[in-house]
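The next block holds one structure in the form of structure tokens; read it before the comments.
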Amino acid sequence: MTTETLNSTSYAVQAQGLCKSYGHDSTRVDALRGVDVAIERSRFTAIMGPSGSGKSTLMHCLAGLDTVDAGDIIIGGVNLSQLNDDQLTTMRREQIGFVFQAFNLVPTLNAKDNILLPLSLAGKKYDRAWFRTVIDTLGLGERLTHKPHELSGGQQQRVAVARALLTRPEVVFGDEPTGNLDSRTGAEVLSLLRASTREMGQTIIMVTHDPVAASYADTVLLMKDGELVGTLADPTVASVSEALASLAE
Ligand SMILES: Nc1ncnc2c1ncn2[C@@H]1O[C@H](COP(=O)(O)OP(=O)(O)OP(=O)(O)O)[C@@H](O)[C@H]1O
Ligand SMILES: [Mg+2]
């Protein structure tokens with residue numbers, strides 16, 4: 001594959017021919033069987049599919065948290081397979097943000113210090129104007145001196161989203177980011193994720209089981225048995241539910 005075909009700037013993440021299997025011989029599972037994907041910049045993309053279809057494997061590989069057996073992953077024009085371990089660590093720290101189901105905040109640090117942690121660990125200064133923009137968009141201005149246990153679940157997840165956005169990464173990955181939230185708080189976090197694509201140009205890729213969560217995305221990618229089997233543009237709860245039902249047949 002030439003870099004010319006993949007270095008298109010309208011894509012935040014591109015992958016071609018991704019294969020990954022676990023185990024050997026009779027226990028072998030082909031979790032990814034030749035996945036090609038191109039994720040447009042400043043868009044909110046959801047990945048859906050039955051349990052075991054390879055969603056988390058795909059996300060972890062795209063985010064450089066796990067390696068593929070074959071294929072290429074390009075993030076912001078950089079081919080991950082050409083990076084050594086140190087370069088990959090820097091790439092993950094600076095170009096990739098994460099929001100997990102468990103909020104993963106440091107309990108002894110207040111909200112502001114949690115948000116700034118990745119930059120303080122990297123010994124970098126933060127951009128005060130950008131910090132203000134992120135905090136205002138996420139409605140966290142009044143909560144910055146609170147520790148995680150003094151915040152609601154939704155507020156904690158907003159702190160995790162702010163932490164992911166602060167480095168202005170090429171892409172933010174979420175694995176069931178609203179899985180631990182009630183539906184109203186989940187809706188709030190999803191609206192903010194969507195606002196970050198609209199207002200900050202952020203690219204978001206989210207794995208979810210929930211058709212309501214997926215309906216906040218611009219595009220839904222459908223996986224089955226380690227392959228990408230479909231795409232839904234402008235998804236609605238009804239169109240997503242229908243597509244999932246037909247995958248289960
Ligand atoms: N570390 C591992 N060792 C062995 N098999 C694995 C491992 N991780 C995943 N698998 C297998 O690879 C396949 C894809 O798993 P993956 O976790 O990507 O699915 P998923 O779509 O995220 O499922 P879920 O919706 O249940 O989270 C499954 O068959 C799973 O059992
Ligand atoms: Mg999973």
Side-chain angles (χ1 to χ4, degrees), residues 12-39 43-75 80-81 85 88 92 96-104 153 157 160-161 164 171-183 186 189-190 193 203-232 235 237 239-249:
V13 179
Q14 287 172 283
Q16 271 184 8
L18 297 187
C19 293
K20 179 161 184 86
S21 58
Y22 295 105
H24 296 282
D25 304 322
S26 61
T27 63
R28 180 182 156 119
V29 176
D30 291 314
L32 299 179
R33 309 170 187 241
V35 172
D36 296 337
V37 68
I39 309 248
R43 305 272 286 174
F44 187 1
T45 302
I47 303 177
M48 300 194 83
S51 181
S53 57
K55 304 179 296 294
S56 295
T57 304
L58 177 62
M59 198 191 93
H60 289 147
C61 291
L62 292 179
L65 292 171
D66 203 351
T67 54
V68 288
D69 301 332
D72 283 287
I73 296 164
I74 316 279
I75 295 193
L80 296 192
S81 66
D85 283 353
L88 192 59
R92 271 200 306 263
I96 298 174
F98 296 98
V99 182
F100 296 103
Q101 184 167 350
F103 317 129
N104 293 341
Q157 193 62 309
V161 170
V171 52
V172 169
F173 289 97
D175 199 350
E176 300 278 358
T178 54
N180 277 340
L181 303 175
D182 63 59
S183 57
V189 169
L190 289 160
L193 288 175
T203 306
I204 311 254
I205 304 177
M206 165 181 81
V207 169
T208 182
H209 283 102
D210 177 8
V212 174
S215 71
Y216 284 78
D218 298 303
T219 307
V220 174
L221 304 179
L222 297 161
M223 289 195 79
K224 185 176 183 180
D225 298 334
E227 294 183 88
L228 272 184
V229 294
T231 304
L232 287 177
V237 178
S239 70
V240 171
S241 304
E242 198 179 318
L244 288 178
S246 69
L247 282 187
E249 280 166 10

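In listed order, ligands and their atoms are each counted from 1.
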Item to check | Any protein heavy atom < 4.0 Å from atom 30 (C) of ligand 1 | outcome: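 It does not: no protein heavy atom is found less than 4.0 Å away from atom 30 (C) of ligand 1.
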In the protein, what heavy atom is nearest to [atom], and what distance, to one decimal place, separates them?
| atom | result |
| --- | --- |
| atom 9 (C) of ligand 1 | Y22 CE1, 3.3 Å |
| atom 17 (O) of ligand 1 | S56 CB, 3.9 Å |
| atom 16 (P) of ligand 1 | T57 OG1, 3.6 Å |
| atom 26 (O) of ligand 1 | S51 OG, 2.5 Å |

Show the atoms of ligand 1 that are less than 4.0 angstrom away from any heavy atom in [X].
| X | result |
| --- | --- |
| S53 | 19 (O), 21 (O) |
| V29 | 11 (C), 12 (O), 13 (C), 29 (O) |
| P50 | 21 (O) |

[Y] and [X], any side-chain heavy atoms less than 4.5 Å apart:
| X | Y | answer |
| --- | --- | --- |
| L32 | C61 | yes |
| L244 | L222 | yes |
| D30 | C19 | no |
| V172 | V161 | no |
| F98 | L65 | yes |
| L247 | V229 | yes |

Checklist entry - Short check: any N/O/S atom of S51 below 2.8 Å from the Mg ion (ligand 2)? => result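 No N, O or S atom of S51 is closer than 2.8 Å to the Mg ion (ligand 2), so no.
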Checklist entry - Purely on distance, is any nitrogen or oxygen of L58 under 3.5 Å from one on ligand 1? => result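 In fact, backbone or side chain, L58 has no N or O that close.
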Checklist entry - Based purely on interatomic distance, does G52 place a nitrogen or oxygen under 3.5 Å from a nitrogen or oxygen of ligand 1? => result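 Yes - when backbone and side-chain N and O of G52 are compared with those of ligand 1, one distance drops under 3.5 Å.
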Checklist entry - If you measure from each non-hydrogen atom of H209 to ligand 1, which part falls under 4.0 Å: side chain, backbone, both or neither? => result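 For H209, only side-chain atoms sit under 4.0 Å from ligand 1.
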Next on the checklist: Between ligand 1 and G23, can you find any atom pair, the residue atom being a heavy atom, that is separated by under 4.0 Å?
Outcome noted: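 Per 4.0 Å heavy-atom rule, G23 does not contact ligand 1.
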Next on the checklist: What verdict does the side-chain contact (heavy atoms from CB on, under 4.5 Å) test give for F100 and N180, after you've listed the backbone C-alpha separation in whole Å, the side-chain angles of each residue and the deciding distance to 0.1 Å?
Outcome noted: CA-CA 10 Å; F100 296 103; N180 277 340; over 6 Å; no
Item to check | Any donor-acceptor N/O pair, S241 side chain to V237 backbone, under 3.5 Å | outcome: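 Side chain of S241 to backbone of V237: a pair is present.
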